[in-house]
Structure formats: structure tokens, C-alpha cells
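Side chains included, hydrogens not; waters and symmetry mates left out as well; all remaining heavy atoms used.
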Amino acid sequence: VHGVSATARLFPQAIGVSPKVLETSKRVGKWLRKLTNVLVKRQVYFGVELEAHPLKDDVPVLFSLCIKFLSQPNVIETEGIFRVPGNSREVEALKGYVENEGSGLIIISSPNIHNVAGLFKEYLRELPQPLIP
């Protein structure tokens, strides 16, 4: 299940889902579909050297997808995009989704930009060598 339920998408006001939450849900769902399409089987993304990551245009795939998502006009304007933490359980769920090649069910109860930012921060934090020495 990606994002909010079908009921919320069809009748957002009826169940108290704001249009902003609904739009965020759509963006995260779209991002997850893209992510699923580029994940490489039996590839480790977290805690390994950048040289070991699959590349697209000389940039690690996960890095590129996170940056593209976080650079969208409505997303980049989100207050505290890297300061405000995402939901730790949902960030871990996203990480598990990536590590399991996009297989299995992922449930995101409150899809938000901070969860994707949290995944990106976790990815950078776990690199054995810092990007900037």
C-alpha cells in the first residue's frame, strides 16, 4: 500500500485528509514506483563504498533519486526538510524496501517528505567514507 488509502484519494475531505497530505502521498508513491524500477538485485546500498553502487550518469542511483525527489519545487520549499526528522519506523521501512530490491509490501501511514529526506540522510550517514573529507 503506497500512501493513503483509495478512500482518501477519492474522498479526501470525508476522512479529514488535507489536499497537501494527498499531494505529498502522490509524490511519495510516484517516487517509490521509480525507486522500484531502478533497484538492482542483490545490491547493497547502505554502508558500502560509493564505487560499489549502481550508477546512472555517473551518480549513484539512490542518491540521484533522492535528490530529484527532494529538488521538486513544492518539496524543496518544505520547512525544515532536513532538520525535521521523518518517522523513524517509516524511514526504516523505506530502507528495508531498498535493501530488499523493492520487493514486499511497504506501508506508509503518513507519507511525507521528511521520510524521504530521512532515508537520504541515513544513506549518507552510513557511507564508510564521508563525501567531503
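With sequence neighbours left out, the side chain to side chain donor-acceptor pair (under 3.5 Å) criterion links Gln72 to Arg27. The side chain to side chain contact (heavy atoms under 4.5 Å, CB included) search around Ser64 returns Val59, Lys68, not counting sequence neighbours.
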Extract all donor-acceptor atom pairs below 3.5 Å that involve side chains of residues 122-133 and protein atoms in other chains or at least two apart in sequence.
from	atom 1	to	atom 2	distance (Å)
Glu122	OE2	Lys95	NZ	3.4
Tyr123	OH	His53	ND1	2.9
Glu126	OE1	Lys95	NZ	3.4
Glu126	OE2	Lys95	NZ	2.6

Could you walk me through whether Leu70 and Ile76 pass the side-chain contact (heavy atoms from CB on, under 4.5 Å) check? CA-CA 6 Å; Leu70 296 169; Ile76 196 79; 5.6 Å; no
side-chain contact (heavy atoms from CB on, under 4.5 Å) between Leu119 and Tyr97, intermediate numbers included: CA-CA 11 Å; Leu119 177 73; Tyr97 187 75; over 6 Å; no
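The line from CZ of Phe82 to CD1 of Ile113 is 11.0 Å long, rounded to the nearest 0.5 Å. A distance of 14.0 Å separates CG in Leu94 from CZ in Arg89, rounded to the nearest 0.5 Å.
When atom types are taken as modelled, the side chain of Asn115 and the backbone of Glu90 share no donor-acceptor pair closer than 3.5 angstrom.
Ile67 and Tyr45 fall within the same hydrophobic cluster, defined by Ile, Leu, Val, Met, Phe, Trp and Tyr side-chain heavy atoms under 4.5 Å apart, directly or through other members.
Of all heavy-atom pairs spanning Leu50 and Pro60, the tightest one is CD2-CG, 3.6 Å. Scanning all heavy atoms of the two residues, the minimum distance from His114 to Thr78 falls at NE2-CG2, 3.8 Å. Closest approach of Leu55 to Val61, counting heavy atoms only: C-CG2, 4.0 Å.
Taking the ring centroids of Phe120 and Phe69, they lie at or beyond the 6.0 Å cut-off.
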